[in-house]
Amino acid sequence: MKELAIVEETVERNTINNKQIVIEKHLEVYDHNTQILHCTSTSEIIENGTLIITNKDSILLRYTFPLELERLLKSNGFELVELYGSWKKTRFNKDSVSMVVHCRLND
């Protein structure tokens, strides 16, 4: 998760029909204490040098560590059947980009 330690900020600029400029700004900041990634996107449309529209959107993504996930499943009556590293059911390891969980509710 070392990539989460870096504040990621990007800006994209596009022109539509040679008259509108669209500027999209993205900011991602990870809070290690809460394990939450704060993602904010802002879009601005400029026409003839004048800002005509601004849209802002955000989402909070909660990251869960594998051992924490197992504990949460168990404490809520589930059994972990398998933990995969991708939707292709690859083996989960420290380099996996995903955690795909196969679990079942205990009777």
Side-chain heavy-atom pair Ile16, Ile45 within 4.5 angstrom cut-off: no

Salt-bridge contact Glu68-Arg62 (side-chain N to carboxylate O under 4.0 Å): yes

Hydrophobic cluster membership, Leu60 vs Leu37, 4.5 Å side-chain cutoff: no

Non-hydrogen side-chain atoms of Val7 and Leu27 separated by less than 4.5 Å: yes

Minimum side-chain heavy-atom gap Tyr30-His38 below 4.5 Å: no

Pairwise distance CD(Glu79) to CD(Glu70) - rounded to 0.5 angstrom: 11.0 Å

Sub-4.5 Å side-chain heavy-atom contact between Ile23 and Glu12: no

Test item: Asn17 side-chain N/O and Lys19 main-chain N/O as donor-acceptor pair under 3.5 Å: no

Heavy-atom side-chain contact between Leu83 and Met99 under 4.5 Å: yes

pair Gln20-Ile46: side-chain heavy atoms closer than 4.5 Å: no

Test log, rule side chain to side chain donor-acceptor pair (under 3.5 Å), inputs His26 and Ser41: CA-CA 5 Å; His26 305 280; Ser41 296; 2.9 Å; yes

Cluster overlap Leu80 with Trp87, hydrophobic side-chain contacts below 4.5 Å: no

Verify same cluster id: Leu69, Leu67 (apolar side-chain graph, 4.5 Å): no

Nearest non-hydrogen partners of Leu72 and Ser75, listed with the distance: O-OG, 3.2 Å

Side-chain (Asn48) to main-chain (Thr50) donor-acceptor, under 3.5 angstrom: no

Non-hydrogen side-chain atoms of Glu28 and Glu9 separated by less than 4.5 Å: no

4.5 Å side-chain heavy-atom contact, Leu61 and Ile59: yes

